[in-house]
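What follows is a short report on a single structure.
The basis for the numbers below is simple: all heavy atoms, side chains too, and nothing from hydrogens, waters or symmetry mates. One-based numbering, in listed order, for ligands and for the atoms of each. Quantities reported herein were computed from a predicted structural model and do not represent experimental measurements.
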Amino acid sequence: MALIVQKFGGDALGDKGKGRAVDNEDLRSSPPLSAEKFRHVARIAKAARDRGDQLVITVSAFGDTTNRLLRMAGALCEEPPARELDMLMATGEQQATALLAMALHAVGCPAMSFTGPQVGIRTDQFHGSSRIRSIDGARLRAVVADGRIPIVAGFQGSTDDDEITTLGRGGSDITAVALAAAVDADVCEFYKDVDGIFTTDPRVCPAARKIDRISYDEMLELASLGAGVLHSRSVEFAKKYNVPLHVRSFLHDGPGTLVTAEDKDMEHVVVSGVAFNRDEAKISLMNVPDRPGIAAELFSQLGDRHIMVDVIIQSTAHDNTNDISFTVAKKDFKRAVEACKEIAAALGAAGVQTDERIAKVSAVGVGMRSHTGVAGKMFKALADAGINIQMISTSEIKISVVIADTDLEGAVQAVHHAFEDQTEFREIEETTAC
Ligand code: ASP
Ligand code: MG
């Protein structure tokens, strides 16, 4: 018998709307209920219970309820007060809990719905982006011991002053892991419309395949790939409290991807996945004087403006100057360029060059800690595909390259292909490691 937290997201419980703009029609109609989806989820939970497992369930608002609520707020007020917005947003998840409790009763499973505050989910006071501080696991355990399934509204909690708060978009994943930590669950299951986490995005690389097991750290690095598969804060939380996560499909019973603490076996797989993003742009300061304090000045000024910098390279000095290039998120690009122009002038640099047409491709794997030759193999794969590398950055478990955005698909496919055959890769280790 296991104690399992099951999380059902908006897709499991409802259909996504078309994201229409606010109109009267929109505001008149209530979110369409897909009773069959609720019944289906109830059957999944019942099956686990029939196998003898104990359950705690948490849900998101069904379908596009949260977006609808936001549109309603927007129709009445340009900048709704954060407190009132949280009050409204929290109702989406509450509807889903009560409806699922009813669907479970209908299949003969006693269940009880709870708001976040009812099970003592305490958060800080930052409306719209609160962080969970504590959960009262005792109430949940008592309900479970009583033979019932508690269904907790995800994405919400309350402050010490009993103000309702929400955790930020996609935040019910965080609730799920926090609940699992609070009741010391054996596993936290996420029911999704995908089979699990993939080695890369199958739309970009058809050879992508489902990963059976992956470490928390790898999952965090691959988050950019996940495109909403798991909220990264939920993975951080899971790592901190050592909660195993199981990302699986609500469409069939097969196993998905297990996200767990790293173990020896994982090291055999050198590259677990290939992540990529198109969300960064490159900025270069040309001919910056080569003396101590220049980089400190540049990056602390960007930091003061809350501009996050990712990959950085500095060329070797020629004539006492060098070039410093780095990438920033596209959303910060304009601000960053303006700042760099000022900074470049103050530092006596020759000027600022920019390139928005870049992409970043990363190979991720804890096996990199114990294998050599990984970077060489990745760069050779890119070279063979005729792809020029503009920038490189590495961490213990990741190698990233910045390339032209037009090369993205080819690069992902080449890198994925290079590491597909892990057997071949172990031979490289044997010949180069000693
Ligand atoms: N319903 C919230 C949202 O749409 C929270 C969640 O889905 O996790 O962002
Ligand atoms: Mg959601």
Does an N or O from [X], backbone or side chain, lie closer than 3.5 Å to an N or O of ligand 1?
X: Gly168; result: no
X: Thr66; result: yes
X: Arg169; result: yes

* Structure fact -> Checking heavy atoms under 4.0 Å, the part of Glu93 that sits near ligand 1 is side chain
* Say whether Gly154 and ligand 1 are in contact under the criterion: heavy-atom distance to a ligand atom below 4.0 Å. => no
* **Min heavy-atom dist Gly171 to ligand 1 below 4.0 Å** => yes
* **Contacts of type salt bridge (Lys or Arg N to Asp or Glu O under 4.0 Å), residue Asp310, not counting sequence neighbours** => Lys360
* Structure fact -> So side chain to side chain donor-acceptor pair (under 3.5 Å) across residues 130-143, not counting sequence neighbours, yields none
* Mutual orientation of the aromatic rings belonging to Tyr191 and Phe8 [parallel < 30°, tilted 30-60°, perpendicular > 60°] -> parallel
* Asked: So, the side chain of Asp161 versus the backbone of Glu163: is there a donor-acceptor pair under 3.5 Å, distance only?
  -> no
* Provide the number and element of each atom of ligand 1 under 4.0 Å from a heavy atom of Ser60. => 6 (C), 7 (O), 8 (O)
* To do: Verify the neighbour count for atom NZ of Lys46: are there more than 12 heavy atoms of other residues, nucleotides or ligands below 6.0 Å?
  => no
* Is any side-chain heavy atom of Arg71 closer than 4.5 Å to a side-chain heavy atom of Asn67? -> yes
